[in-house]
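Report on one structure; see the data block that follows.
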Protein chains: 2
Amino acid sequence: MQRLTVQRQAILDLINASNRHWDADEVARALVDAGASIGIATVYRGLAALESLGLIDSIQLADKKRYERADKAHHDHMICTGCGHIEEFSHETIEVLQQQIAAEKAFRLTGHQLVMFGLCRDCAEELDR
Amino acid sequence: MQRLTVQRQAILDLINASNRHWDADEVARALVDAGASIGIATVYRGLAALESLGLIDSIQLADKKRYERADKAHHDHMICTGCGHIEEFSHETIEVLQQQIAAEKAFRLTGHQLVMFGLCRDCAEELDR
DNA sequence: AGCGTAATGATAACCATTATCATTATTATG
DNA sequence: CATAATAATGATAATGGTTATCATTACGCT
(Lines give C-alpha, C1' and ligand atoms only; values in the text may rest on other atoms or scores of the structure.)
Protein backbone atom coordinates (compact mmCIF):
# COMPACT_ATOMS: atom_id res chain seq x y z
CA MET A 1 0.00 0.00 0.00
CA GLN A 2 1.23 3.46 -0.89
CA ARG A 3 0.81 3.98 -4.57
CA LEU A 4 2.87 6.20 -6.76
CA THR A 5 0.02 7.71 -8.74
CA VAL A 6 0.24 10.23 -11.53
CA GLN A 7 -0.51 13.04 -9.11
CA ARG A 8 2.23 11.97 -6.73
CA GLN A 9 4.63 11.51 -9.60
CA ALA A 10 3.87 15.05 -10.72
CA ILE A 11 4.55 16.39 -7.23
CA LEU A 12 7.78 14.44 -7.04
CA ASP A 13 8.94 15.61 -10.44
CA LEU A 14 8.20 19.20 -9.56
CA ILE A 15 10.15 19.05 -6.34
CA ASN A 16 13.03 17.16 -7.88
CA ALA A 17 13.32 19.73 -10.64
CA SER A 18 14.72 22.43 -8.36
CA ASN A 19 16.18 22.98 -4.96
CA ARG A 20 13.39 25.24 -3.83
CA HIS A 21 11.55 24.71 -0.59
CA TRP A 22 7.90 24.39 -1.48
CA ASP A 23 4.83 24.69 0.67
CA ALA A 24 1.70 22.74 -0.22
CA ASP A 25 -0.05 25.69 -1.78
CA GLU A 26 2.89 26.54 -4.02
CA VAL A 27 3.02 22.95 -5.22
CA ALA A 28 -0.69 22.91 -6.02
CA ARG A 29 -0.48 26.23 -7.79
CA ALA A 30 2.53 25.20 -9.86
CA LEU A 31 0.93 21.95 -10.95
CA VAL A 32 -2.34 23.59 -11.88
CA ASP A 33 -0.45 26.29 -13.77
CA ALA A 34 1.35 23.53 -15.61
CA GLY A 35 -1.98 22.18 -16.75
CA ALA A 36 -2.43 19.39 -14.25
CA SER A 37 -5.66 18.84 -12.39
CA ILE A 38 -5.01 18.21 -8.75
CA GLY A 39 -6.84 19.08 -5.57
CA ILE A 40 -5.16 20.68 -2.60
CA ALA A 41 -6.03 17.75 -0.34
CA THR A 42 -4.31 15.43 -2.76
CA VAL A 43 -1.24 17.62 -2.67
CA TYR A 44 -1.11 17.42 1.12
CA ARG A 45 -1.57 13.68 1.08
CA GLY A 46 0.90 13.25 -1.74
CA LEU A 47 3.55 15.27 0.04
CA ALA A 48 3.08 13.24 3.19
CA ALA A 49 3.23 9.99 1.26
CA LEU A 50 6.36 10.96 -0.64
CA GLU A 51 8.04 12.05 2.55
CA SER A 52 7.20 8.81 4.30
CA LEU A 53 8.76 6.98 1.38
CA GLY A 54 11.88 9.07 1.81
CA LEU A 55 11.52 10.53 -1.67
CA ILE A 56 11.36 14.10 -0.44
CA ASP A 57 12.42 15.91 2.72
CA SER A 58 10.76 18.64 4.71
CA ILE A 59 11.37 21.36 7.23
CA GLN A 60 8.66 22.40 9.62
CA LEU A 61 8.71 26.14 10.01
CA ALA A 62 6.60 28.21 12.34
CA ASP A 63 3.87 28.93 9.88
CA LYS A 64 3.99 26.04 7.48
CA LYS A 65 5.79 22.97 6.37
CA ARG A 66 8.08 23.16 3.38
CA TYR A 67 9.23 20.33 1.16
CA GLU A 68 12.44 19.92 -0.74
CA ARG A 69 14.02 17.18 -2.77
CA ALA A 70 15.57 14.41 -0.75
CA ASP A 71 19.23 14.90 -0.29
CA LYS A 72 21.65 12.15 0.38
CA ALA A 73 23.11 13.91 3.35
CA HIS A 74 21.23 15.50 6.20
CA HIS A 75 21.49 19.23 6.28
CA ASP A 76 20.15 22.15 8.25
CA HIS A 77 18.78 25.52 7.24
CA MET A 78 19.59 29.18 7.48
CA ILE A 79 16.60 31.41 6.83
CA CYS A 80 16.77 35.07 5.95
CA THR A 81 14.03 36.89 7.83
CA GLY A 82 14.30 39.70 5.30
CA CYS A 83 13.58 37.98 2.01
CA GLY A 84 12.69 34.46 3.09
CA HIS A 85 15.61 32.93 1.28
CA ILE A 86 16.54 29.53 2.61
CA GLU A 87 20.14 28.45 2.53
CA GLU A 88 21.32 25.00 3.44
CA PHE A 89 24.36 23.96 5.36
CA SER A 90 25.69 20.88 7.05
CA HIS A 91 28.31 20.46 9.68
CA GLU A 92 29.51 17.11 10.80
CA THR A 93 30.72 18.25 14.20
CA ILE A 94 27.34 19.67 15.12
CA GLU A 95 25.77 16.33 14.27
CA VAL A 96 28.22 14.42 16.38
CA LEU A 97 27.85 16.77 19.32
CA GLN A 98 24.13 16.25 19.30
CA GLN A 99 24.59 12.53 19.48
CA GLN A 100 26.90 12.99 22.44
CA ILE A 101 24.43 15.21 24.23
CA ALA A 102 21.62 12.73 23.63
CA ALA A 103 23.76 9.87 24.85
CA GLU A 104 24.61 11.72 28.05
CA LYS A 105 20.95 12.17 28.84
CA ALA A 106 20.00 8.64 27.80
CA PHE A 107 17.87 10.14 25.09
CA ARG A 108 17.22 7.98 22.04
CA LEU A 109 17.68 10.50 19.28
CA THR A 110 15.52 10.02 16.22
CA GLY A 111 15.87 13.37 14.52
CA HIS A 112 16.58 17.01 14.93
CA GLN A 113 16.08 20.33 13.31
CA LEU A 114 18.45 23.23 13.46
CA VAL A 115 17.32 26.50 11.96
CA MET A 116 19.40 29.65 12.00
CA PHE A 117 17.60 32.96 11.56
CA GLY A 118 19.15 36.16 10.38
CA LEU A 119 19.79 38.31 7.37
CA CYS A 120 21.43 37.19 4.18
CA ARG A 121 24.19 39.36 2.77
CA ASP A 122 21.86 41.28 0.47
CA CYS A 123 19.26 42.04 3.10
CA ALA A 124 21.91 43.05 5.61
CA GLU A 125 23.43 45.50 3.13
CA GLU A 126 20.01 46.86 2.30
CA LEU A 127 19.39 47.52 5.97
CA ASP A 128 22.74 49.19 6.50
CA ARG A 129 22.31 51.89 3.96
CA MET B 1 4.29 52.13 25.60
CA GLN B 2 4.07 48.49 26.63
CA ARG B 3 2.44 48.37 30.03
CA LEU B 4 2.90 45.73 32.63
CA THR B 5 -0.74 45.29 33.56
CA VAL B 6 -2.18 42.98 36.20
CA GLN B 7 -2.98 40.40 33.55
CA ARG B 8 0.54 40.44 32.18
CA GLN B 9 1.97 40.33 35.67
CA ALA B 10 -0.16 37.27 36.38
CA ILE B 11 1.11 35.58 33.22
CA LEU B 12 4.69 36.43 34.09
CA ASP B 13 4.32 35.17 37.67
CA LEU B 14 2.81 31.93 36.47
CA ILE B 15 5.60 31.29 34.02
CA ASN B 16 8.30 32.31 36.45
CA ALA B 17 6.94 29.95 39.07
CA SER B 18 8.05 26.82 37.25
CA ASN B 19 10.24 25.63 34.46
CA ARG B 20 7.37 24.24 32.45
CA HIS B 21 6.86 25.10 28.82
CA TRP B 22 3.39 26.57 28.54
CA ASP B 23 1.19 27.08 25.54
CA ALA B 24 -1.29 29.94 25.46
CA ASP B 25 -4.25 27.78 26.30
CA GLU B 26 -2.57 26.25 29.32
CA VAL B 27 -1.70 29.70 30.61
CA ALA B 28 -5.27 30.91 30.22
CA ARG B 29 -6.65 27.81 31.86
CA ALA B 30 -4.26 28.01 34.79
CA LEU B 31 -5.03 31.65 35.43
CA VAL B 32 -8.77 31.17 35.24
CA ASP B 33 -8.49 28.14 37.53
CA ALA B 34 -6.56 30.34 39.95
CA GLY B 35 -9.51 32.70 40.04
CA ALA B 36 -8.27 35.32 37.61
CA SER B 37 -10.43 36.73 34.87
CA ILE B 38 -8.55 36.88 31.62
CA GLY B 39 -9.48 36.39 27.98
CA ILE B 40 -7.58 34.18 25.64
CA ALA B 41 -6.76 37.08 23.32
CA THR B 42 -5.21 38.90 26.23
CA VAL B 43 -3.10 35.89 27.02
CA TYR B 44 -1.76 35.78 23.48
CA ARG B 45 -1.03 39.48 23.51
CA GLY B 46 0.47 39.31 26.97
CA LEU B 47 2.78 36.47 26.03
CA ALA B 48 3.95 38.35 22.95
CA ALA B 49 4.51 41.51 24.95
CA LEU B 50 6.45 39.75 27.70
CA GLU B 51 8.58 38.00 25.14
CA SER B 52 9.36 41.23 23.34
CA LEU B 53 10.45 42.67 26.66
CA GLY B 54 12.74 39.71 27.16
CA LEU B 55 10.90 38.66 30.30
CA ILE B 56 10.03 35.25 28.95
CA ASP B 57 11.39 32.98 26.23
CA SER B 58 9.66 30.76 23.74
CA ILE B 59 10.12 27.84 21.44
CA GLN B 60 8.09 27.52 18.29
CA LEU B 61 7.08 23.93 17.79
CA ALA B 62 5.26 22.48 14.84
CA ASP B 63 1.82 22.74 16.32
CA LYS B 64 2.08 25.61 18.75
CA LYS B 65 4.33 28.05 20.46
CA ARG B 66 5.42 27.36 24.02
CA TYR B 67 6.66 29.86 26.56
CA GLU B 68 9.10 29.40 29.39
CA ARG B 69 10.77 31.66 31.89
CA ALA B 70 13.63 33.69 30.56
CA ASP B 71 16.93 32.08 31.25
CA LYS B 72 20.18 33.94 31.50
CA ALA B 73 21.84 31.60 29.06
CA HIS B 74 20.51 30.51 25.74
CA HIS B 75 19.62 26.87 25.60
CA ASP B 76 18.11 24.40 23.20
CA HIS B 77 15.55 21.66 23.57
CA MET B 78 15.21 17.93 23.43
CA ILE B 79 11.64 16.76 23.04
CA CYS B 80 10.38 13.27 23.77
CA THR B 81 7.94 12.28 21.08
CA GLY B 82 6.56 9.65 23.43
CA CYS B 83 5.43 11.69 26.42
CA GLY B 84 6.02 15.24 25.28
CA HIS B 85 8.58 15.92 27.95
CA ILE B 86 10.88 18.79 27.12
CA GLU B 87 14.44 18.73 28.35
CA GLU B 88 16.84 21.59 28.00
CA PHE B 89 20.48 21.55 27.15
CA SER B 90 23.14 23.98 26.09
CA HIS B 91 26.41 23.44 24.40
CA GLU B 92 28.90 26.19 23.88
CA THR B 93 30.67 24.58 20.95
CA ILE B 94 27.46 24.21 18.98
CA GLU B 95 26.81 27.91 19.47
CA VAL B 96 30.26 28.86 18.30
CA LEU B 97 30.09 26.60 15.28
CA GLN B 98 26.88 28.23 14.19
CA GLN B 99 28.50 31.63 14.36
CA GLN B 100 31.34 30.34 12.23
CA ILE B 101 28.97 28.91 9.66
CA ALA B 102 27.03 32.15 9.51
CA ALA B 103 30.21 34.16 9.13
CA GLU B 104 31.37 31.99 6.26
CA LYS B 105 28.16 32.64 4.37
CA ALA B 106 28.07 36.35 5.27
CA PHE B 107 24.86 35.71 7.11
CA ARG B 108 24.00 38.10 9.93
CA LEU B 109 22.84 35.68 12.57
CA THR B 110 20.08 36.94 14.84
CA GLY B 111 18.88 33.73 16.40
CA HIS B 112 18.51 30.04 16.02
CA GLN B 113 16.55 27.10 17.24
CA LEU B 114 17.83 23.62 17.67
CA VAL B 115 15.35 20.93 18.62
CA MET B 116 16.27 17.32 19.05
CA PHE B 117 13.49 14.74 18.78
CA GLY B 118 13.55 11.27 20.22
CA LEU B 119 12.56 9.18 23.20
CA CYS B 120 13.43 9.92 26.78
CA ARG B 121 14.83 7.11 28.89
CA ASP B 122 11.44 6.13 30.28
CA CYS B 123 9.66 6.04 26.96
CA ALA B 124 12.51 4.15 25.33
CA GLU B 125 12.38 1.48 28.05
CA GLU B 126 8.63 1.27 27.74
CA LEU B 127 8.97 0.63 24.05
CA ASP B 128 11.64 -2.02 24.48
CA ARG B 129 9.66 -4.33 26.66
C1' DA C 1 -10.11 66.13 36.20
C1' DG C 2 -9.36 65.27 31.54
C1' DC C 3 -6.87 63.68 27.46
C1' DG C 4 -4.23 60.57 24.77
C1' DT C 5 -2.76 56.04 24.44
C1' DA C 6 -2.57 51.27 25.31
C1' DA C 7 -4.85 47.07 26.98
C1' DT C 8 -8.83 44.16 27.53
C1' DG C 9 -12.32 40.79 26.22
C1' DA C 10 -15.65 38.74 23.26
C1' DT C 11 -15.84 37.15 19.05
C1' DA C 12 -15.07 36.96 14.09
C1' DA C 13 -11.69 35.99 10.84
C1' DC C 14 -7.57 33.68 9.12
C1' DC C 15 -4.77 30.12 7.50
C1' DA C 16 -2.56 25.76 7.30
C1' DT C 17 -3.81 21.32 7.71
C1' DT C 18 -6.78 17.20 8.42
C1' DA C 19 -11.19 14.62 8.22
C1' DT C 20 -15.18 13.10 5.66
C1' DC C 21 -17.25 10.73 2.07
C1' DA C 22 -18.77 9.57 -2.33
C1' DT C 23 -16.38 8.50 -6.54
C1' DT C 24 -12.52 6.80 -9.27
C1' DA C 25 -8.19 4.45 -10.05
C1' DT C 26 -5.03 0.82 -9.13
C1' DT C 27 -3.62 -3.70 -7.75
C1' DA C 28 -4.41 -8.40 -6.71
C1' DT C 29 -6.63 -12.71 -7.44
C1' DG C 30 -9.70 -16.52 -8.82
C1' DC D 1 -10.12 -11.28 -18.10
C1' DA D 2 -13.25 -10.05 -14.65
C1' DT D 3 -13.96 -8.52 -10.55
C1' DA D 4 -13.21 -7.89 -5.77
C1' DA D 5 -10.39 -5.43 -2.49
C1' DT D 6 -7.92 -1.56 -1.44
C1' DA D 7 -6.06 2.90 -1.84
C1' DA D 8 -6.26 7.56 -3.86
C1' DT D 9 -8.77 11.52 -5.39
C1' DG D 10 -11.26 15.85 -5.00
C1' DA D 11 -14.57 18.92 -3.10
C1' DT D 12 -15.59 20.64 0.97
C1' DA D 13 -16.41 20.79 5.96
C1' DA D 14 -14.10 20.87 10.12
C1' DT D 15 -10.22 21.69 13.27
C1' DG D 16 -7.04 24.29 15.91
C1' DG D 17 -3.84 27.79 16.88
C1' DT D 18 -3.42 32.47 16.33
C1' DT D 19 -4.53 37.27 14.92
C1' DA D 20 -7.80 41.11 13.79
C1' DT D 21 -11.67 43.95 15.01
C1' DC D 22 -13.93 47.03 17.83
C1' DA D 23 -16.27 48.89 21.59
C1' DT D 24 -15.09 49.49 26.31
C1' DT D 25 -11.94 50.08 30.17
C1' DA D 26 -7.60 51.21 32.48
C1' DC D 27 -3.41 53.74 32.75
C1' DG D 28 -0.08 57.62 32.77
C1' DC D 29 0.55 62.31 32.55
C1' DT D 30 -0.03 67.35 32.77
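The chains referred to below are lettered A, B, ... by the order of the sequence lines, with proteins before strands, and numbering in each begins at 1.
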Under a 3.5 Å threshold, yes or no: a donor from one side chain and an acceptor from the other, between B:H77 and B:E68? yes
Taking the side chain as C-beta and beyond, is there a heavy-atom pair between A:D23 and A:K65 under 4.5 Å? no
Take atom CG of A:L31 and atom C1' of D:dT9, then tell me their distance rounded to the nearest Å. 14 Å
The side chain of A:T42 is closest to which nucleotide in this list: D:dT9, C:dA7, D:dA8? D:dT9
Choose from C:dC21, D:dA20, C:dT17 the nucleotide whose nearest atom is closest to any side-chain atom of A:K65. C:dT17
Take the protein atom CD1 of B:I38 and the nucleotide atom C1' of C:dA10, then report the distance between them rounded to whole Å. 14 Å
Tell me whether the side-chain N/O atoms of B:Y44 come closer than 4.0 Å to OP1 or OP2 in D:dT19. no
I need the CD-C1' distance between B:E26 and D:dT18, as an integer number of Å. 15 Å
Rounded to whole angstroms, how far apart are OH on A:Y67 and P on C:dT17? 7 Å
OP1 or OP2 of C:dT8 under 4.0 Å from side-chain N/O of B:T5: yes
Where the side chain of B:Q99 meets the backbone of B:V96, is there a donor-acceptor pair that is under 3.5 Å apart? no
Between B:D63 and A:G39, which residue's closest nucleotide on DNA chain D lies nearer the 5′ terminus? A:G39
Nucleotide of C:dA7, D:dG10, C:dA16 approaching A:R45 most closely (side-chain heavy atoms): D:dG10
What's the closest nucleotide to the A:K64 side chain, out of C:dT11, C:dT17, C:dA19? C:dT17
How about B:Q7 and B:T42: does a side-chain donor come under 3.5 Å of a side-chain acceptor? no
Tell me: CD of A:Q2 to C1' of C:dA25, nearest whole Å? 15 Å
Distance in angstrom units between A:I40 CD1 and D:dA8 C1', rounded: 16 Å
B:A41 has a side chain; which of C:dA16, C:dG9, D:dG10 sits nearest to it? C:dG9
When you look at CD of A:E126, are more than 12 heavy atoms from neighbouring residues, nucleotides or ligands closer to it than 6.0 Å? no
Side chain of B:R3: nearest nucleotide among D:dA8, C:dT5, D:dG17? C:dT5
Kindly state whether the ring of A:H91 and the ring of A:H75 have centres lying under 6.0 angstrom apart. no
What are the residues of residues 7-25 of chain B, sorted by number, that bring a heavy atom to within less than 4.0 Å of DNA chain C? B:Q7, B:R8
To the nearest 0.5 Å, how far apart are OH in A:Y44 and CG in A:D25? 6.5 Å
